[in-house]
Amino acid sequence: MQLHFSPSMRSITISSSNNNGGFGELMKIKLAPRHFNYRRLFHTILLLAFLLPFVFILTALVTLEGVNKCSSFDCLGRQLGPKLLGRTDDSKRLVKNFVKILNQVNSEELPSVMKLPESYAHLVSEMKNNKYSAKEFALMLKGMMERSEREIRESKFAELMNKHFAASAVPKGIHCLSLRLTDEYSSNAHARRQLPSPELLPLLSENLLHHFVLSTDNILAASVVVNSAVQSSLRPEKTVFHVITDKKTYAGMHSWFALNPVSPAIVEVRGIHQFDWLTRENIPVLEAVEGHYGIRKYYHGNHVTGTNLSDTTTPQSFASKLQARSPKYISLLNHIRIYLPELFPNLHKVVFLDDDVVIQRDLSPLWDIDLKGKVNGAVETCKGEDEWVMSKRFRNYFNFSHPLIAKNLNPDECAWAYGMNIFDLHTWRKTNIRDTYHSWLKENLKSKLTMWKLGTLPPALIAFKGHVHPIDPSWHMLGLGYQNKSNIDKVKKAAVIHYNGQSKPWLELGFDHLRPYWTKYVDYSNDFIKNCHILELAEFDQVGKPNSLVGNFVEMATAARHDKDEPSPC
């Protein structure tokens with residue numbers, strides 16, 4: 001038997017030998033059609049080359065996902081089948097159905113008989129033991145979420161109230177210092193000595209010297225301002241401080257500077273009651289503000305009920321309303337700066353300082369700044385890297401729905417800062433700034449504080465309109481009492497740093513990493529400081545631990561106020 005292949009390989013012939021010595025054909029097998037379709041073969045190969053990479057990728061994904069840890073082709077087929085056929089996963093379909101149910105229950109009230117689980121573990125246990133429907137589960141989930149939101153909101157408001165009261169209270173150590181120094185004034189003749197000494201009195205009106213004015217009832221804070229200014233000055237012998245305080249603090253304040261001189265600088269301490277010019281006739285509006293029953297109730301009454309807390313009140317607006325009700329905003333000490341030309345009739349230029357500042361650089365160049373005929377040299381607060389502190393315009397301080405405000409002010413006008421200002425008193429005396437200030441205070445009083453509710457800056461923004469000369473921001477850095485995110489490099493370089501805000505450095509809720517710039521000017525070796533345990537603040541700074549639980553909440557409360565439309569007192 002023999003096999004014969006055709007030349008084209010399209011057939012095979014099987015033959016066998018016969019008796020005549022030849023070969024006979026037994027069978028002929030055709031292997032392929034005469035005309036093979038190569039185009040079809042090419043398309044088939046091309047299709048396989050296109051599909052095989054996708055099959056490989058899907059197989060790899062399913063294997064990596066390991067949803068069911070497939071170990072057989074059957075399992076792999078079940079995983080790949082829906083993907084290859086374009087079918088959706090069952091889990092996605094379940095999620096879509098559940099979202100529909102959540103949308104349905106969103107507008108429904110919770111059944112009064114429904115008992116909500118206390119925790120997630122309790123919820124899982126409930127679902128195992130009771131065969132709830134999907135809608136019942138959605139209602140239960142909604143109830144738990146709403147309860148959590150209420151508790152978080154109540155906790156936030158409680159935190160803000162505690163911080164407000166902590167910031168408004170006088171620390172025990174500072175109260176102790178005032179009492180002890182007042183007692184010293186009555187028993188120690190040296191504490192009552194004249195400030196300054198008689199031979200130095202003419203220097204109080206010498207315009208060749210650098211005159212600073214500080215208005216405060218905080219003895220410790222005043223000592224830091226004066227100490228930091230004198231230590232930072234290149235020529236302290238040219239420095240004169242005029243410290244103004246109220247009647248109750250005068251004896252203690254006088255005692256401190258009499259017993260702790262800062263020579264060669266000169267310090268004068270005067271009480272409001274010692275200025276002949278400050279009479280009812282000259283400050284009628286402020287007398288009305290302090291004596292008005294409605295105003296006193298607003299600032300000295302129940303701050304919590306007065307904020308009209310409701311379901312729509314946000315933490316930002318609540319914090320702002322609380323801060324706006326600080327009694328210091330109706331204190332004559334806080335308004336005293338508007339009367340500087342009358343209180344110091346012989347002086348031409350003064351730098352006015354708040355009691356929550358620290359001077360870190362010589363300020364004598366301030367007297368050389370050309371104010372270009374303006375009265376007030378101040379840092380503008382509408383531009384800068386700090387989006388909270390340096391983003392203030394008139395809209396942040398005034399109620400522009402009031403017709404008088406809308407008619408006379410521009411909401412986009414740039415605001416400026418109190419706290420460190422160079423005032424040209426000679427030019428000031430030629431203006432009507434004081435009368436404008438009084439006039440707008442009277443209008444706001446008549447409108448029941450609907451034009452603005454916050455402090456002395458709003459009426460000053462109006463009164464000094466057109467009289468402000470912007471100075472370089474490096475002279476005055478603000479916001480160290482609002483947030484702990486102050487740029488430390490800028491803090492170190494600033495001429496004056498300002499702890500404006502609730503987190504004052506002498507309070508336990510002050511920011512630990514910012515407080516040392518203030519405490520470095522406190523004389524902790526002083527016996528009065530020691531006996532009133534004010535040293536404790538320094539000890540906290542050294543170990544770097546939080547001063548109290550309240551301090552831990554400061555950053556959160558500050559963040560709650562970071563709404564640019566909320567006012568910020570300076």
The test is salt bridge (Lys or Arg N to Asp or Glu O under 4.0 Å); show your working for R180 and D183 and say whether it passes. CA-CA 5 Å; R180 286 178 177 270; D183 181 65; over 6 Å; no

Report the C-alpha distance between Y339 and H438 in whole Å, list the side-chain angles of each, state the deciding distance to 0.1 Å, and finish with yes or no for ring-ring contact (aromatic ring centres under 6.0 Å, His included). CA-CA 11 Å; Y339 305 116; H438 281 171; 5.7 Å; yes

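A distance-only check finds no donor-acceptor pair linking the side chain of E380 to the backbone of C382 [under 3.5 Å]. Remark: side-chain polar atoms of N396 are paired, donor with acceptor, to backbone N or O of R393 under 3.5 angstrom. Although no hydrogens or angles enter the test, the distance criterion places no donor-acceptor pair under 3.5 Å between the side chain of S232 and the main chain of A229. Counting only distance, with no hydrogens or angles, the side chain of D354 and the backbone of D356 share no donor-acceptor pair below 3.5 Å. No side-chain donor-acceptor contact under 3.5 Å links N432 to the backbone of D435. With hydrogens and angles disregarded, no donor-acceptor distance shorter than 3.5 Å links the side chain of S263 to the backbone of A265. Not one N or O on the side chain of K247 forms a donor-acceptor pair closer than 3.5 Å with the backbone of G271. A donor-acceptor contact shorter than 3.5 Å links the side chain of N399 to the backbone of T450. One N or O on the side chain of N207 and one on the backbone of H348 form a donor-acceptor pair closer than 3.5 Å. A donor-acceptor pair under 3.5 Å is absent between the side-chain atoms of T249 and the main chain of T245, judged by distance alone.
For the pair R270 and Y250, the NZ or CZ position fails the cation-pi test of under 6.0 Å to the six-membered ring centre and within 45 degrees of the ring normal. Annotation: cation-pi geometry satisfied between R361 and W475 (NZ/CZ under 6.0 angstrom from ring centroid, within 45° of ring axis).
Ring planes of W452 and F398: perpendicular class, angle over 60° (limits at 30 and 60°). Between F241 and F212, the ring planes lie parallel to each other; the angle is under 30°, not in the 30° to 60° tilted range.
Between I488 and L514, some side-chain heavy-atom pair lies under the 4.5 Å cut-off. Between V225 and V358 the shortest side-chain heavy-atom distance does not fall below 4.5 Å. Side-chain contact check for L204 versus P196: some heavy-atom pair is nearer than 4.5 Å. The closest side-chain heavy-atom distance from M420 to L366 is below 4.5 Å. Looking at T381 and V389, their side chains never come closer than 4.5 Å, going by heavy atoms from C-beta outward. At least one side-chain heavy atom of L478 sits less than 4.5 Å from a side-chain heavy atom of H476. Residues Q360 and V496 have side chains not in contact (no heavy-atom distance under 4.5 Å, counting atoms from C-beta outward). Looking at heavy atoms from C-beta onward, H498 lies out of side-chain contact with M477 at the 4.5 angstrom threshold.
Distance CG/L203 to NZ/K238: 12.0 Å, rounded to 0.5 Å. Here D217 contributes atom CG and L333 contributes atom CG; the two are 6.0 Å apart, rounded to the nearest 0.5 Å. Rounding to the nearest 0.5 Å gives a distance of 14.5 Å between CG of L480 and NZ of K485. Between Y437 atom OH and I338 atom CD1 the span is 5.5 Å, to the nearest 0.5 Å. Atom-to-atom distance recorded for K520:NZ and N227:CG is 12.0 Å, nearest 0.5 angstrom. Note that OH of Y418 is 14.5 Å distant from CG of N500, once rounded to the nearest 0.5 Å.
You'll find the ring centres of F344 and H211 outside the 6.0 Å limit. In this structure, F464 has its ring center under 6.0 Å from that of W416. No close placement of the H533 and Y524 rings is indicated, their centers lying 6.0 Å or farther apart. The aromatic ring centres of Y185 and H254 sit less than 6.0 Å apart.
At a threshold of 4.0 Å, the pair D489-K492 does not count as salt-bridged, since none of the basic side-chain nitrogens sits closer than that to a carboxylate oxygen.
Surrounding NE2 of H175 are at most 12 heavy atoms belonging to other residues, nucleotides or ligands under 6.0 Å away. The number of heavy atoms from other shown groups lying within 6.0 Å of CZ (R193) is above 12. The number of heavy-atom neighbours closer than 6.0 Å to NE2 of H273, taken from other residues, nucleotides and ligands shown, is above 12. In this structure, D276 places its CG atom where only 12 or fewer heavy-atom neighbours from other residues, nucleotides or ligands lie under 6.0 Å away.
Residues in residues 423-434 take part in these salt bridge (Lys or Arg N to Asp or Glu O under 4.0 Å) pairs, two or more places apart or across chains: E342-R434.
Judged purely by distance below 3.5 Å, without hydrogens or angles, the side chains of T216 and D355 pair a donor atom with an acceptor atom. Using modelled atom types and a 3.5 Å distance limit, the side chains of N260 and D523 yield no donor-acceptor pair.
For the side chain to side chain contact (heavy atoms under 4.5 Å, CB included) criterion with S233, the lone passing option out of T239, I359, L363 is T239.
Heavy atoms only, all atoms of each residue included: S364 and H210 are closest at CB-CE1, 3.2 Å.
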